[in-house]
> 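Pasting a structure below so you can have a look.
The structure displayed is predicted, hence computed values, not measured ones. In this chain, residues are counted from 1 in sequence order.
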Amino acid sequence: MTTIAAATTPALIAEIPATEDAAYVKLFLRRWDEAWARHDAEAIAALHTDDAVTVNRFGTLVRGRDDLGKALGFLHGVHGPFHNSVFPPLELLIQRSIAPNVQAVQAKWQNPVMRPDGTIDPASINDMIVTFILLKIGNAWRASEVNLVNVEKMDLPFSNPGQRPK
């Protein structure tokens, strides 16, 4: 079993709106975490709009909830690379209201390093930033866009604290 430890670097930014939307967005993130912990591809896909677009950390583009469910089913399935992995919870970094019923959310996350052959390196992790564009549909938030990127370590004048090499 691969266990990914949560990083202890401080949050980059915290812009939490003082509205009930903040609580609903946190609920969305919690449901995402719970579905990932159960390796429940169907529950993860259900958190997305029908026409959702996801770009993973390798640049793979997946369009639509159905295709996303198939991709997640492979990743979390019995023979998938994430099947025995344990992931830390998402850590909210930024939440901004873009328009009524539209939120842009960035969260810190960690995933195992995936090799080019699709297997994972259980001893190595990637620090990541996940960007969600969430749409409020009824009383629930659904991901319309998801973009996952690896955080590359660099020491430049504009680098964020969690991005700097240790």
Side-chain angles (χ1 to χ4, degrees), residues 4-77 80-83 85-112 114 125-152 158 160-163:
I4 308 300
T8 58
T9 54
L12 304 176
I13 302 173
E15 296 178 13
I16 310 300
T19 68
E20 67 180 30
D21 290 342
Y24 286 112
V25 169
K26 287 181 181 178
L27 178 60
F28 170 88
L29 295 177
R30 190 177 85 226
R31 287 182 175 157
W32 174 280
D33 287 335
E34 290 168 352
W36 273 82
R38 292 190 313 271
H39 302 285
D40 187 341
E42 196 171 298
I44 300 166
L47 293 170
H48 294 74
T49 61
D50 289 337
D51 63 347
V53 175
T54 297
V55 180
N56 72 13
R57 59 188 160 152
F58 307 106
T60 303
L61 178 69
V62 180
R63 294 177 189 263
R65 182 188 304 162
D66 291 341
D67 285 348
L68 179 63
K70 290 173 190 170
L72 292 167
F74 164 76
L75 291 170
H76 290 277
F82 292 160
H83 180 67
S85 296
V86 177
F87 299 84
L90 291 160
E91 180 183 329
L92 181 62
L93 297 174
I94 302 169
Q95 177 183 343
R96 296 181 306 125
S97 181
I98 301 300
N101 300 321
V102 180
Q103 297 284 316
V105 175
Q106 279 81 32
K108 187 163 107 178
W109 204 24
Q110 292 180 323
N111 267 212
M114 190 174 289
I125 59 158
N126 285 125
D127 290 328
M128 300 175 71
I129 301 291
V130 183
T131 300
F132 298 95
I133 300 299
L134 301 179
L135 304 180
K136 190 172 188 181
I137 300 171
N139 288 327
W141 288 95
R142 298 285 180 255
S144 174
E145 304 276 337
V146 180
N147 187 20
L148 301 101
V149 297
N150 289 336
V151 175
E152 299 296 329
F158 57 86
N160 294 304
Q163 189 179 21

> How far does CD of Gln103 sit from NZ of Lys136, to the nearest 0.5 angstrom?
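These two atoms lie 9.0 Å from each other.
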> May I ask you to check whether over 12 heavy atoms, not counting those of Arg57, lie within 6.0 Å of atom CZ?
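It does: Arg57 CZ has more than 12 such atoms within range.
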> To the nearest 0.5 Å, what is the distance between CG (Asp50) and CG (Asp66)?
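Reported to 0.5 Å precision, the distance equals 7.5 Å.
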> Please give me the minimum heavy-atom distance between Gly69 and Ala41, naming the atom from each residue.
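Heavy atoms only, the tightest pair is O-CB, 4.0 Å.
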> Identify the heavy atoms of Asp67 and Val62 that sit nearest to each other, and give their distance.
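Asp67 and Val62 have their closest heavy atoms at C-CG1, 3.7 Å.
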> Is any side-chain heavy atom of Val53 closer than 4.5 Å to a side-chain heavy atom of Asp51?
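They are not in side-chain contact.
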> Once rounded to the nearest 0.5 Å, what's the spacing between atom CG of Asn56 and atom CG of Asn150?
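With rounding to 0.5 Å, CG (Asn56) is 9.5 Å from CG (Asn150).
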> If you round to the nearest 0.5 Å, how far is CD1 of Ile133 from OG1 of Thr49?
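One finds 11.5 Å between OG1 of Thr49 and CD1 of Ile133.
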> Looking at Ala143 and Leu134, what are the two nearest heavy atoms and their distance?
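Where Ala143 meets Leu134 most closely, the heavy atoms are CA-CD2, 3.6 Å.
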> Please round to the nearest 0.5 Å and tell me the distance separating atom CD of Glu34 and atom CZ of Arg38.
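Here the rounded value is 6.5 Å.
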> Which heavy-atom pair separates Gln95 from Val105 by the least distance, and what is that distance?
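Looks like CG-CG2, 4.2 Å.
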> Would you compute the distance between atom CG of Leu90 and atom CE of Met128 and round it to the nearest 0.5 angstrom?
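Going from CG on Leu90 over to CE on Met128, the span is 9.5 Å.
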> Does Arg65 reach the main-chain N or O of His48 with its side chain, forming a donor-acceptor pair under 3.5 Å?
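Present.
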> Do you know the tightest heavy-atom contact between His39 and Phe82?
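For His39 versus Phe82, the nearest heavy atoms are CE1-O, 2.8 Å.
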> Quick check: closest heavy atoms across Pro112 and Phe87, and the distance to 0.1 Å?
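Heavy atoms only, the tightest pair is CD-CE2, 3.5 Å.
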> Side-chain contact, heavy-atom cut-off 4.5 Å: Trp141 with Phe132?
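Counting from C-beta outward, Trp141 and Phe132 never come under 4.5 Å.
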> Just wondering, do Ile44 and Trp32 contact through their side chains at under 4.5 Å, heavy atoms?
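Side-chain contact under 4.5 Å: yes.
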> Taking side chain as C-beta onward, heavy atoms only, is Arg142 less than 4.5 Å from Leu47?
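Yes, at least one pair of side-chain atoms sits under 4.5 Å.
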> So, His76 side chain and His83 main chain: donor-acceptor pair closer than 3.5 Å or not?
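No.
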